Amino acid sequence: MTAPSADAVKNIDKLKATFTNVKAEIAKKIIGQEDVIEQILIAILTDSNALLESYPGLGKTTMIKSAAEVMNLKFSRIQGTPDLMPSDVTGTYVIEEKDGKKIFKFQRGPIFANVILFDEVNRATPKTQAAMLEAMQEKQVTVGNQTFELDKPFFVLATQNPIDQEGTYPLPEAQTDRFLLKIMVDYPSADQEVQIVDQYTKVLDEKGLKQLLSGESILLLQKLTRQVPIANDIKRRAVDIVHKTRNTPDLIEYGASPRASLGLVLAAKARALMDGRKFVSAKDIEEVAFPVLRHRIILSFKAERAGKSPDDVVREILK
Amino acid sequence: MKPIQSMFNEVQYELVKIILLNVFLTTVILFLALDLVALIFNMPLWYVIVISFIYFTILMASEVRKISIKNVEDKNPELREILRTAKDNQNEETLMAHALFYDVMQKMRRVSSGTFLDFKKLMTKISIIFVLSVVLVSITFMGVNIAKFDNPFAGPLGTFGSWFRDITGQADGTAGTEGPDDVFGDYQMAQLGENDLVATINPSLSNPDFNDVDPASPSNDPLRDLTGGDDTGFNTGGSGFSQEGIDERDLERSYRFAISTQE
(Lines give C-alpha, C1' and ligand atoms only; values in the text may rest on other atoms or scores of the structure.)
Protein backbone atom coordinates (compact mmCIF):
# COMPACT_ATOMS: atom_id res chain seq x y z
CA MET A 1 0.00 0.00 0.00
CA THR A 2 1.28 3.43 -0.90
CA ALA A 3 1.22 6.10 1.75
CA PRO A 4 -2.19 7.77 1.95
CA SER A 5 -2.53 11.40 0.96
CA ALA A 6 -2.04 14.13 3.53
CA ASP A 7 -5.72 15.08 3.13
CA ALA A 8 -6.85 11.56 3.98
CA VAL A 9 -4.67 11.59 7.03
CA LYS A 10 -5.97 14.99 8.10
CA ASN A 11 -9.58 13.82 7.67
CA ILE A 12 -8.97 11.36 10.47
CA ASP A 13 -8.65 14.34 12.78
CA LYS A 14 -12.22 15.31 11.98
CA LEU A 15 -13.57 12.04 13.32
CA LYS A 16 -13.75 13.27 16.88
CA ALA A 17 -15.94 16.17 15.83
CA THR A 18 -18.16 13.81 13.85
CA PHE A 19 -18.74 11.54 16.83
CA THR A 20 -19.26 14.49 19.13
CA ASN A 21 -21.98 15.70 16.77
CA VAL A 22 -23.56 12.24 16.61
CA LYS A 23 -23.66 12.02 20.40
CA ALA A 24 -25.04 15.53 20.69
CA GLU A 25 -27.76 14.73 18.18
CA ILE A 26 -28.80 11.55 20.03
CA ALA A 27 -28.72 13.53 23.27
CA LYS A 28 -31.53 15.68 21.88
CA LYS A 29 -33.80 12.70 22.44
CA ILE A 30 -32.03 10.98 25.31
CA ILE A 31 -31.14 12.94 28.41
CA GLY A 32 -28.00 11.64 30.12
CA GLN A 33 -26.93 8.05 29.49
CA GLU A 34 -23.77 9.25 27.72
CA ASP A 35 -21.93 6.05 28.59
CA VAL A 36 -24.70 3.91 27.18
CA ILE A 37 -24.77 5.88 23.94
CA GLU A 38 -20.99 5.62 23.67
CA GLN A 39 -21.12 1.86 24.20
CA ILE A 40 -23.84 1.46 21.57
CA LEU A 41 -21.65 3.37 19.11
CA ILE A 42 -18.69 1.17 20.06
CA ALA A 43 -20.73 -1.92 19.27
CA ILE A 44 -21.74 -0.46 15.89
CA LEU A 45 -18.16 0.55 15.03
CA THR A 46 -16.84 -2.90 15.87
CA ASP A 47 -19.48 -4.58 13.72
CA SER A 48 -20.69 -6.42 16.80
CA ASN A 49 -23.83 -6.70 18.88
CA ALA A 50 -24.75 -5.60 22.35
CA LEU A 51 -26.91 -6.94 25.12
CA LEU A 52 -28.63 -4.20 27.04
CA GLU A 53 -29.93 -4.82 30.50
CA SER A 54 -32.20 -2.31 32.12
CA TYR A 55 -35.42 -1.83 33.93
CA PRO A 56 -38.42 -0.96 31.82
CA GLY A 57 -39.04 2.64 30.85
CA LEU A 58 -35.48 3.84 30.59
CA GLY A 59 -35.67 4.78 26.94
CA LYS A 60 -33.93 1.84 25.35
CA THR A 61 -36.08 1.86 22.25
CA THR A 62 -35.86 5.63 21.84
CA MET A 63 -32.13 5.46 22.30
CA ILE A 64 -31.47 2.85 19.64
CA LYS A 65 -34.04 4.34 17.29
CA SER A 66 -32.37 7.73 17.61
CA ALA A 67 -28.95 6.20 16.95
CA ALA A 68 -30.26 4.50 13.82
CA GLU A 69 -31.87 7.74 12.67
CA VAL A 70 -28.72 9.83 13.13
CA MET A 71 -26.71 7.22 11.29
CA ASN A 72 -29.32 6.98 8.56
CA LEU A 73 -29.73 3.26 9.07
CA LYS A 74 -32.81 1.09 8.62
CA PHE A 75 -34.25 0.24 12.02
CA SER A 76 -36.55 -2.61 13.03
CA ARG A 77 -37.84 -3.90 16.30
CA ILE A 78 -38.64 -7.43 17.36
CA GLN A 79 -40.51 -8.10 20.57
CA GLY A 80 -39.42 -11.30 22.25
CA THR A 81 -42.38 -13.44 23.29
CA PRO A 82 -42.69 -17.15 24.06
CA ASP A 83 -44.67 -17.74 20.89
CA LEU A 84 -42.24 -15.92 18.62
CA MET A 85 -41.05 -18.34 15.93
CA PRO A 86 -37.74 -18.18 14.07
CA SER A 87 -39.57 -17.53 10.83
CA ASP A 88 -41.16 -14.48 12.45
CA VAL A 89 -37.65 -13.11 12.76
CA THR A 90 -35.92 -14.33 9.63
CA GLY A 91 -38.86 -14.32 7.25
CA THR A 92 -40.62 -17.11 5.42
CA TYR A 93 -41.84 -18.26 2.04
CA VAL A 94 -45.30 -17.14 1.13
CA ILE A 95 -47.39 -18.22 -1.84
CA GLU A 96 -47.84 -15.46 -4.33
CA GLU A 97 -49.73 -15.44 -7.55
CA LYS A 98 -47.81 -14.10 -10.52
CA ASP A 99 -48.99 -14.30 -14.13
CA GLY A 100 -51.68 -16.76 -13.10
CA LYS A 101 -49.13 -19.01 -11.43
CA LYS A 102 -48.67 -19.57 -7.76
CA ILE A 103 -45.10 -19.26 -6.71
CA PHE A 104 -43.25 -19.23 -3.43
CA LYS A 105 -41.74 -15.92 -2.67
CA PHE A 106 -39.47 -15.17 0.25
CA GLN A 107 -40.98 -12.60 2.54
CA ARG A 108 -38.15 -10.98 4.45
CA GLY A 109 -38.51 -10.81 8.18
CA PRO A 110 -37.67 -7.88 10.47
CA ILE A 111 -34.09 -9.09 10.74
CA PHE A 112 -33.43 -7.59 7.31
CA ALA A 113 -32.51 -4.18 8.59
CA ASN A 114 -29.35 -2.43 9.69
CA VAL A 115 -30.22 -1.88 13.32
CA ILE A 116 -32.38 -4.41 15.16
CA LEU A 117 -33.79 -3.94 18.59
CA PHE A 118 -34.63 -7.38 19.95
CA ASP A 119 -36.65 -6.42 22.95
CA GLU A 120 -36.74 -8.84 25.86
CA VAL A 121 -34.67 -11.47 24.14
CA ASN A 122 -35.01 -13.73 27.16
CA ARG A 123 -38.73 -14.05 26.61
CA ALA A 124 -38.25 -15.69 23.22
CA THR A 125 -37.89 -19.46 23.06
CA PRO A 126 -34.39 -20.90 22.85
CA LYS A 127 -35.12 -21.91 19.24
CA THR A 128 -35.84 -18.33 18.23
CA GLN A 129 -32.94 -17.06 20.29
CA ALA A 130 -30.65 -19.50 18.48
CA ALA A 131 -31.90 -18.37 15.07
CA MET A 132 -31.33 -14.77 16.03
CA LEU A 133 -27.90 -15.41 17.46
CA GLU A 134 -26.88 -17.37 14.40
CA ALA A 135 -27.88 -14.42 12.24
CA MET A 136 -25.85 -12.13 14.50
CA GLN A 137 -22.79 -14.31 14.16
CA GLU A 138 -22.94 -15.27 10.49
CA LYS A 139 -24.58 -12.08 9.18
CA GLN A 140 -26.82 -14.25 7.09
CA VAL A 141 -29.99 -16.33 7.46
CA THR A 142 -30.84 -19.63 5.87
CA VAL A 143 -34.47 -20.38 5.15
CA GLY A 144 -35.18 -23.66 3.45
CA ASN A 145 -32.38 -24.23 1.00
CA GLN A 146 -31.63 -20.60 0.47
CA THR A 147 -29.18 -18.40 2.28
CA PHE A 148 -29.78 -14.68 2.44
CA GLU A 149 -27.10 -12.17 3.24
CA LEU A 150 -28.13 -9.60 5.79
CA ASP A 151 -27.83 -5.89 5.19
CA LYS A 152 -24.59 -4.16 6.05
CA PRO A 153 -23.96 -2.71 8.51
CA PHE A 154 -25.88 -5.07 10.77
CA PHE A 155 -26.25 -4.47 14.44
CA VAL A 156 -28.46 -6.17 17.02
CA LEU A 157 -29.24 -4.64 20.34
CA ALA A 158 -30.93 -7.24 22.47
CA THR A 159 -32.48 -6.17 25.72
CA GLN A 160 -33.40 -8.08 28.82
CA ASN A 161 -35.07 -7.16 32.02
CA PRO A 162 -33.26 -8.01 35.26
CA ILE A 163 -36.54 -8.38 37.16
CA ASP A 164 -39.61 -10.47 36.52
CA GLN A 165 -37.80 -13.63 35.44
CA GLU A 166 -40.91 -15.80 35.42
CA GLY A 167 -41.60 -17.37 32.05
CA THR A 168 -38.27 -16.35 30.61
CA TYR A 169 -35.54 -18.35 28.90
CA PRO A 170 -32.29 -16.88 30.16
CA LEU A 171 -29.61 -16.80 27.51
CA PRO A 172 -27.00 -19.53 28.01
CA GLU A 173 -23.45 -18.35 28.72
CA ALA A 174 -22.27 -19.58 25.32
CA GLN A 175 -24.79 -17.33 23.67
CA THR A 176 -24.20 -14.26 25.77
CA ASP A 177 -20.52 -14.61 24.80
CA ARG A 178 -21.56 -13.66 21.26
CA PHE A 179 -22.53 -10.19 22.39
CA LEU A 180 -19.48 -7.98 22.41
CA LEU A 181 -20.84 -5.77 25.16
CA LYS A 182 -23.32 -6.05 27.95
CA ILE A 183 -24.53 -2.53 28.55
CA MET A 184 -26.14 -1.68 31.84
CA VAL A 185 -28.59 1.20 31.82
CA ASP A 186 -29.02 2.88 35.14
CA TYR A 187 -31.74 5.22 36.29
CA PRO A 188 -31.17 8.87 35.48
CA SER A 189 -30.33 11.34 38.22
CA ALA A 190 -33.11 13.52 39.64
CA ASP A 191 -31.96 16.53 37.63
CA GLN A 192 -31.83 14.52 34.44
CA GLU A 193 -35.28 13.13 35.17
CA VAL A 194 -36.64 16.67 35.52
CA GLN A 195 -35.20 17.46 32.09
CA ILE A 196 -36.79 14.30 30.67
CA VAL A 197 -40.13 15.29 32.13
CA ASP A 198 -39.81 18.79 30.68
CA GLN A 199 -38.80 17.52 27.26
CA TYR A 200 -41.56 14.97 26.87
CA THR A 201 -44.50 16.64 28.60
CA LYS A 202 -44.54 20.15 27.24
CA VAL A 203 -44.89 19.63 23.52
CA LEU A 204 -45.23 16.66 21.27
CA ASP A 205 -41.86 16.60 19.64
CA GLU A 206 -42.16 15.32 16.11
CA LYS A 207 -38.94 16.84 14.89
CA GLY A 208 -36.59 14.34 13.41
CA LEU A 209 -32.87 14.17 14.05
CA LYS A 210 -30.15 15.20 11.63
CA GLN A 211 -28.69 12.41 9.61
CA LEU A 212 -24.98 12.79 10.17
CA LEU A 213 -23.70 9.45 8.89
CA SER A 214 -24.71 6.86 6.35
CA GLY A 215 -24.45 3.12 5.95
CA GLU A 216 -21.40 3.56 3.75
CA SER A 217 -19.66 5.86 6.16
CA ILE A 218 -20.40 3.40 8.99
CA LEU A 219 -18.74 0.64 6.98
CA LEU A 220 -15.72 2.88 6.40
CA LEU A 221 -15.58 3.70 10.10
CA GLN A 222 -15.76 -0.01 10.94
CA LYS A 223 -12.77 -0.55 8.66
CA LEU A 224 -10.89 2.32 10.27
CA THR A 225 -11.69 1.00 13.74
CA ARG A 226 -9.83 -2.22 13.01
CA GLN A 227 -6.90 -0.22 11.68
CA VAL A 228 -6.36 1.75 14.88
CA PRO A 229 -2.82 0.84 15.96
CA ILE A 230 -2.27 -0.62 19.39
CA ALA A 231 1.02 -0.96 21.27
CA ASN A 232 2.20 -4.46 22.10
CA ASP A 233 2.24 -3.86 25.84
CA ILE A 234 -1.34 -2.58 25.81
CA LYS A 235 -2.42 -5.60 23.78
CA ARG A 236 -0.65 -7.74 26.35
CA ARG A 237 -2.45 -5.93 29.14
CA ALA A 238 -5.82 -6.79 27.53
CA VAL A 239 -4.89 -10.45 27.25
CA ASP A 240 -3.57 -10.51 30.82
CA ILE A 241 -6.87 -9.13 32.11
CA VAL A 242 -8.78 -11.90 30.36
CA HIS A 243 -6.30 -14.51 31.60
CA LYS A 244 -6.73 -13.24 35.11
CA THR A 245 -10.47 -13.96 34.92
CA ARG A 246 -9.50 -17.60 34.43
CA ASN A 247 -6.99 -17.61 37.26
CA THR A 248 -8.92 -16.02 40.07
CA PRO A 249 -10.84 -18.98 41.49
CA ASP A 250 -11.66 -17.06 44.66
CA LEU A 251 -13.88 -14.72 42.74
CA ILE A 252 -14.61 -16.33 39.40
CA GLU A 253 -15.90 -19.82 38.75
CA TYR A 254 -15.59 -19.59 34.97
CA GLY A 255 -13.48 -16.97 33.25
CA ALA A 256 -13.78 -15.27 29.89
CA SER A 257 -12.95 -16.89 26.55
CA PRO A 258 -10.37 -15.66 24.02
CA ARG A 259 -13.30 -13.95 22.33
CA ALA A 260 -13.18 -11.58 25.29
CA SER A 261 -9.58 -10.66 24.43
CA LEU A 262 -10.66 -9.89 20.87
CA GLY A 263 -13.58 -7.90 22.19
CA LEU A 264 -11.44 -5.93 24.63
CA VAL A 265 -8.97 -4.86 21.97
CA LEU A 266 -11.62 -4.15 19.37
CA ALA A 267 -13.82 -2.16 21.72
CA ALA A 268 -10.78 -0.21 22.92
CA LYS A 269 -9.92 0.61 19.31
CA ALA A 270 -13.45 1.90 18.70
CA ARG A 271 -13.29 4.00 21.84
CA ALA A 272 -9.98 5.48 20.73
CA LEU A 273 -11.40 6.29 17.29
CA MET A 274 -14.41 8.00 18.79
CA ASP A 275 -12.08 9.99 20.99
CA GLY A 276 -10.20 11.14 17.89
CA ARG A 277 -7.06 9.23 18.82
CA LYS A 278 -5.02 7.17 16.41
CA PHE A 279 -3.77 4.79 19.06
CA VAL A 280 -5.26 2.69 21.84
CA SER A 281 -4.54 3.81 25.35
CA ALA A 282 -4.39 1.58 28.43
CA LYS A 283 -7.31 3.59 29.75
CA ASP A 284 -9.42 2.49 26.79
CA ILE A 285 -8.84 -1.12 27.73
CA GLU A 286 -9.78 -0.47 31.34
CA GLU A 287 -12.90 1.46 30.41
CA VAL A 288 -14.26 -1.16 28.05
CA ALA A 289 -13.31 -4.05 30.33
CA PHE A 290 -16.58 -3.70 32.27
CA PRO A 291 -19.05 -4.05 29.39
CA VAL A 292 -16.86 -6.64 27.66
CA LEU A 293 -16.29 -8.90 30.66
CA ARG A 294 -19.31 -8.55 32.92
CA HIS A 295 -21.42 -11.12 31.02
CA ARG A 296 -18.51 -13.45 30.30
CA ILE A 297 -17.61 -14.36 33.85
CA ILE A 298 -19.49 -16.56 36.28
CA LEU A 299 -18.86 -15.54 39.85
CA SER A 300 -17.79 -18.05 42.46
CA PHE A 301 -20.02 -18.96 45.35
CA LYS A 302 -17.71 -17.03 47.65
CA ALA A 303 -18.04 -13.86 45.56
CA GLU A 304 -21.79 -14.28 45.25
CA ARG A 305 -22.11 -14.80 49.00
CA ALA A 306 -20.05 -11.68 49.59
CA GLY A 307 -22.60 -9.79 47.49
CA LYS A 308 -20.16 -8.86 44.77
CA SER A 309 -21.41 -7.96 41.33
CA PRO A 310 -19.52 -8.86 38.13
CA ASP A 311 -18.44 -5.21 37.91
CA ASP A 312 -16.93 -5.40 41.41
CA VAL A 313 -14.97 -8.45 40.37
CA VAL A 314 -13.78 -6.85 37.13
CA ARG A 315 -12.72 -3.83 39.14
CA GLU A 316 -10.64 -6.08 41.40
CA ILE A 317 -9.08 -7.79 38.42
CA LEU A 318 -8.09 -4.45 36.93
CA LYS A 319 -6.21 -3.47 40.10
CA MET B 1 13.56 3.46 4.77
CA LYS B 2 10.25 4.94 5.87
CA PRO B 3 10.41 8.34 7.58
CA ILE B 4 9.01 6.89 10.79
CA GLN B 5 11.75 4.25 10.87
CA SER B 6 14.40 6.93 10.27
CA MET B 7 12.90 8.92 13.10
CA PHE B 8 13.12 5.99 15.49
CA ASN B 9 16.73 5.34 14.46
CA GLU B 10 17.47 8.98 15.17
CA VAL B 11 15.80 8.77 18.57
CA GLN B 12 17.79 5.63 19.32
CA TYR B 13 21.03 7.38 18.33
CA GLU B 14 20.21 10.35 20.56
CA LEU B 15 19.46 8.05 23.47
CA VAL B 16 22.75 6.20 23.01
CA LYS B 17 24.61 9.52 23.02
CA ILE B 18 22.93 10.52 26.26
CA ILE B 19 23.62 7.15 27.82
CA LEU B 20 27.25 7.43 26.74
CA LEU B 21 27.52 10.80 28.44
CA ASN B 22 25.89 9.54 31.64
CA VAL B 23 27.96 6.37 31.76
CA PHE B 24 31.13 8.31 31.05
CA LEU B 25 30.46 10.71 33.90
CA THR B 26 29.64 7.88 36.28
CA THR B 27 32.83 6.10 35.27
CA VAL B 28 34.86 9.26 35.81
CA ILE B 29 33.41 9.50 39.33
CA LEU B 30 34.35 5.89 39.97
CA PHE B 31 37.81 6.43 38.51
CA LEU B 32 38.47 9.47 40.69
CA ALA B 33 37.15 7.76 43.81
CA LEU B 34 39.28 4.69 43.16
CA ASP B 35 42.25 6.87 42.35
CA LEU B 36 41.81 8.56 45.69
CA VAL B 37 41.82 5.21 47.43
CA ALA B 38 44.79 4.12 45.35
CA LEU B 39 46.66 7.25 46.31
CA ILE B 40 45.97 6.86 50.01
CA PHE B 41 46.68 3.15 50.15
CA ASN B 42 49.47 3.26 47.61
CA MET B 43 47.69 0.96 45.17
CA PRO B 44 48.97 0.65 41.64
CA LEU B 45 47.20 2.93 39.17
CA TRP B 46 46.56 0.18 36.67
CA TYR B 47 44.08 -1.42 39.09
CA VAL B 48 42.03 1.75 38.96
CA ILE B 49 42.21 1.94 35.18
CA VAL B 50 41.23 -1.70 34.68
CA ILE B 51 38.34 -1.54 37.19
CA SER B 52 37.05 1.68 35.65
CA PHE B 53 37.25 0.27 32.15
CA ILE B 54 35.38 -2.90 33.13
CA TYR B 55 32.76 -0.84 34.93
CA PHE B 56 32.33 1.43 31.91
CA THR B 57 31.91 -1.52 29.55
CA ILE B 58 29.41 -3.35 31.73
CA LEU B 59 27.39 -0.25 32.55
CA MET B 60 27.29 0.89 28.94
CA ALA B 61 26.17 -2.53 27.73
CA SER B 62 23.47 -2.78 30.37
CA GLU B 63 22.20 0.76 29.80
CA VAL B 64 22.10 0.35 26.02
CA ARG B 65 20.13 -2.85 26.49
CA LYS B 66 17.66 -0.94 28.65
CA ILE B 67 17.02 1.70 25.99
CA SER B 68 13.31 1.97 25.50
CA ILE B 69 10.93 4.36 23.87
CA LYS B 70 9.28 4.52 27.26
CA ASN B 71 12.23 6.65 28.46
CA VAL B 72 11.35 9.26 25.86
CA GLU B 73 7.68 9.03 26.78
CA ASP B 74 8.47 9.54 30.45
CA LYS B 75 10.31 12.74 29.63
CA ASN B 76 7.61 13.90 27.21
CA PRO B 77 4.14 13.11 28.60
CA GLU B 78 2.46 14.32 25.40
CA LEU B 79 4.06 11.34 23.67
CA ARG B 80 2.85 8.83 26.24
CA GLU B 81 1.62 5.64 24.57
CA ILE B 82 1.61 7.23 21.12
CA LEU B 83 5.34 6.77 20.56
CA ARG B 84 5.49 3.12 21.55
CA THR B 85 2.36 2.43 19.52
CA ALA B 86 4.02 3.99 16.48
CA LYS B 87 7.17 1.97 17.10
CA ASP B 88 5.28 -1.31 17.48
CA ASN B 89 3.32 -0.61 14.31
CA GLN B 90 5.99 1.02 12.19
CA ASN B 91 5.60 -1.62 9.49
CA GLU B 92 1.84 -1.12 9.20
CA GLU B 93 0.61 0.40 5.97
CA THR B 94 -2.93 1.35 6.93
CA LEU B 95 -4.49 4.78 6.83
CA MET B 96 -4.76 4.93 10.61
CA ALA B 97 -1.14 3.90 11.03
CA HIS B 98 -0.03 6.61 8.63
CA ALA B 99 -2.18 9.15 10.43
CA LEU B 100 -0.49 8.07 13.65
CA PHE B 101 3.00 8.35 12.11
CA TYR B 102 2.12 11.82 10.84
CA ASP B 103 1.07 12.85 14.36
CA VAL B 104 4.18 11.35 15.93
CA MET B 105 6.48 13.10 13.47
CA GLN B 106 4.76 16.41 14.14
CA LYS B 107 5.04 15.96 17.89
CA MET B 108 8.64 14.77 17.75
CA ARG B 109 9.60 17.97 15.91
CA ARG B 110 8.79 19.83 19.09
CA VAL B 111 10.93 17.51 21.19
CA SER B 112 14.58 18.43 21.59
CA SER B 113 17.18 15.91 22.60
CA GLY B 114 17.84 18.10 25.64
CA THR B 115 14.58 16.86 27.14
CA PHE B 116 16.05 13.36 27.37
CA LEU B 117 18.77 14.69 29.66
CA ASP B 118 18.25 14.73 33.39
CA PHE B 119 19.99 18.00 34.13
CA LYS B 120 19.72 17.61 37.89
CA LYS B 121 21.46 14.26 37.71
CA LEU B 122 24.01 15.62 35.28
CA MET B 123 24.86 18.59 37.47
CA THR B 124 25.14 16.34 40.52
CA LYS B 125 27.62 14.13 38.71
CA ILE B 126 29.67 17.08 37.51
CA SER B 127 29.71 18.50 41.05
CA ILE B 128 30.89 15.18 42.44
CA ILE B 129 33.64 15.05 39.81
CA PHE B 130 34.72 18.55 40.73
CA VAL B 131 34.81 17.78 44.47
CA LEU B 132 36.69 14.53 43.92
CA SER B 133 39.22 16.28 41.68
CA VAL B 134 39.87 18.94 44.32
CA VAL B 135 40.26 16.30 47.04
CA LEU B 136 42.57 14.29 44.82
CA VAL B 137 44.82 17.24 44.05
CA SER B 138 44.92 18.24 47.73
CA ILE B 139 45.84 14.75 48.88
CA THR B 140 48.52 14.52 46.21
CA PHE B 141 50.07 17.74 47.49
CA MET B 142 49.86 16.63 51.11
CA GLY B 143 51.40 13.27 50.25
CA VAL B 144 48.99 11.26 52.38
CA ASN B 145 49.98 7.61 52.35
CA ILE B 146 48.25 5.49 54.97
CA ALA B 147 49.71 2.11 54.16
CA LYS B 148 51.74 0.36 51.61
CA PHE B 149 49.53 -1.73 49.40
CA ASP B 150 49.96 -5.41 49.87
CA ASN B 151 49.35 -6.72 46.41
CA PRO B 152 46.84 -9.61 46.70
CA PHE B 153 47.34 -10.47 43.05
CA ALA B 154 51.11 -10.71 43.27
CA GLY B 155 50.96 -14.40 42.39
CA PRO B 156 48.47 -14.84 39.59
CA LEU B 157 48.56 -11.33 38.26
CA GLY B 158 52.21 -10.67 38.89
CA THR B 159 53.14 -11.38 35.31
CA PHE B 160 50.42 -9.11 34.06
CA GLY B 161 51.56 -6.44 36.50
CA SER B 162 55.11 -6.61 35.20
CA TRP B 163 53.88 -6.47 31.66
CA PHE B 164 51.63 -3.55 32.45
CA ARG B 165 54.46 -1.75 34.19
CA ASP B 166 56.66 -2.29 31.19
CA ILE B 167 54.15 -0.94 28.73
CA THR B 168 53.27 1.99 30.94
CA GLY B 169 56.89 2.92 31.49
CA GLN B 170 56.74 2.11 35.21
CA ALA B 171 54.44 4.98 35.83
CA ASP B 172 52.84 3.53 38.90
CA GLY B 173 55.03 5.30 41.46
CA THR B 174 57.01 2.20 42.44
CA ALA B 175 59.67 2.40 39.77
CA GLY B 176 62.55 0.00 40.25
CA THR B 177 61.05 -1.82 43.21
CA GLU B 178 59.94 -5.40 43.46
CA GLY B 179 58.41 -5.42 46.93
CA PRO B 180 58.28 -3.80 50.31
CA ASP B 181 61.90 -4.65 51.14
CA ASP B 182 63.36 -3.44 47.90
CA VAL B 183 66.30 -1.16 47.61
CA PHE B 184 65.47 2.14 45.96
CA GLY B 185 67.66 2.99 43.03
CA ASP B 186 69.08 0.70 40.43
CA TYR B 187 67.35 -2.66 40.86
CA GLN B 188 70.49 -4.44 39.67
CA MET B 189 71.94 -3.52 43.03
CA ALA B 190 69.88 -6.24 44.58
CA GLN B 191 71.86 -8.80 42.64
CA LEU B 192 74.92 -7.99 44.64
CA GLY B 193 73.55 -9.96 47.49
CA GLU B 194 73.89 -13.15 45.58
CA ASN B 195 77.68 -12.87 45.39
CA ASP B 196 80.30 -12.88 48.14
CA LEU B 197 81.71 -9.56 49.02
CA VAL B 198 85.27 -9.94 50.34
CA ALA B 199 87.09 -6.88 51.46
CA THR B 200 90.58 -6.78 52.98
CA ILE B 201 90.63 -4.32 55.81
CA ASN B 202 93.83 -3.37 57.57
CA PRO B 203 93.42 -4.24 61.26
CA SER B 204 95.33 -1.15 62.25
CA LEU B 205 92.85 0.88 60.18
CA SER B 206 95.81 2.91 59.10
CA ASN B 207 95.54 1.93 55.48
CA PRO B 208 92.04 0.83 54.56
CA ASP B 209 92.02 -0.34 51.00
CA PHE B 210 88.52 -0.20 49.63
CA ASN B 211 89.72 -0.87 46.18
CA ASP B 212 90.92 -4.27 47.18
CA VAL B 213 87.61 -6.00 46.69
CA ASP B 214 87.57 -9.44 45.43
CA PRO B 215 85.80 -9.63 42.57
CA ALA B 216 82.21 -10.02 43.73
CA SER B 217 80.95 -6.61 42.66
CA PRO B 218 80.28 -5.99 39.02
CA SER B 219 81.59 -2.58 39.66
CA ASN B 220 85.09 -1.86 40.85
CA ASP B 221 83.91 0.74 43.25
CA PRO B 222 81.10 -0.39 45.54
CA LEU B 223 80.84 2.99 47.18
CA ARG B 224 80.33 4.48 43.79
CA ASP B 225 77.45 2.07 43.28
CA LEU B 226 75.97 2.77 46.66
CA THR B 227 76.09 6.48 46.17
CA GLY B 228 74.74 6.18 42.67
CA GLY B 229 77.59 7.98 40.96
CA ASP B 230 80.12 10.70 41.34
CA ASP B 231 77.70 13.54 41.74
CA THR B 232 75.73 12.20 44.61
CA GLY B 233 76.35 13.24 48.14
CA PHE B 234 78.29 10.44 49.85
CA ASN B 235 81.27 12.60 50.66
CA THR B 236 84.04 10.36 51.91
CA GLY B 237 86.12 13.38 52.66
CA GLY B 238 84.08 14.49 55.67
CA SER B 239 83.05 11.16 57.04
CA GLY B 240 86.06 10.03 59.05
CA PHE B 241 87.15 7.60 56.45
CA SER B 242 89.83 9.99 55.15
CA GLN B 243 93.53 9.22 55.61
CA GLU B 244 93.83 12.32 57.77
CA GLY B 245 91.12 11.21 60.14
CA ILE B 246 92.68 7.79 60.59
CA ASP B 247 96.13 9.26 61.36
CA GLU B 248 94.60 11.56 63.93
CA ARG B 249 92.92 8.64 65.66
CA ASP B 250 96.21 6.76 65.72
CA LEU B 251 97.83 9.77 67.28
CA GLU B 252 95.13 9.99 69.88
CA ARG B 253 95.42 6.30 70.65
CA SER B 254 99.25 6.59 70.98
CA TYR B 255 98.78 9.57 73.24
CA ARG B 256 96.29 7.74 75.47
CA PHE B 257 98.60 4.72 75.58
CA ALA B 258 101.54 6.90 76.55
CA ILE B 259 99.56 8.50 79.36
CA SER B 260 98.39 5.19 80.69
CA THR B 261 101.92 3.74 80.75
CA GLN B 262 103.16 6.84 82.53
CA GLU B 263 100.56 6.39 85.15
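Worth knowing before you read on, the calculation uses all heavy atoms, side chains too, and leaves out hydrogens, waters and symmetry mates. Quick note on labels: first sequence line is chain A, next is B, and so on, each numbered from 1. Here the structure is a predicted model, which is why all the values come from computation and not from measurement.
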Looking only at A:Lys278, A:Lys235, A:Arg277, most heavy-atom pairs under 4.5 Å shared with chain B are made by A:Lys278

Assert top hit (heavy-atom pairs under 4.5 Å, partner chain B, pool A:Ile234, A:Asn232, A:Leu273) equals A:Asn232

Contacts of type side chain to side chain donor-acceptor pair (under 3.5 Å), residue B:Asn91, not counting sequence neighbours: B:Gln5

Would you say B:Glu10 has more than 12 foreign heavy atoms packed within less than 6.0 Å of its CD? no

Inter-residue atom distance A:Lys223.NZ - B:Met96.CE, 0.5 Å rounding: 13.0 Å

Please name all residues satisfying salt bridge (Lys or Arg N to Asp or Glu O under 4.0 Å) with A:Arg226, sequence neighbours left out, ordered by chain then number. none

Is it the case that over 12 heavy atoms from other parts of the model lie below 6.0 angstrom from the CZ atom of A:Arg236? no

Given that the side chain runs from C-beta out, which part of A:Ile230 has a heavy atom under 4.5 Å from chain B: side chain, backbone, both or neither? backbone

Which residues, numbered in order, of residues 79-90 of chain B come under 4.5 angstrom of chain A by heavy-atom distance? B:Arg80, B:Glu81, B:Ile82, B:Arg84, B:Thr85, B:Asp88, B:Asn89

Heavy-atom neighbours of B:Lys107 NZ exceed 12 at 6.0 Å: yes

Closest heavy-atom pair and its distance - B:Ala97, A:Pro229: CA-CG, 3.8 Å

Neighbour count >12 (heavy atoms, 6.0 Å) for atom NZ, A:Lys210: no

Give me the contact list for residues 211-222 of chain A versus chain B, heavy atoms only, anything under 4.5 Å, ordered by residue number. none

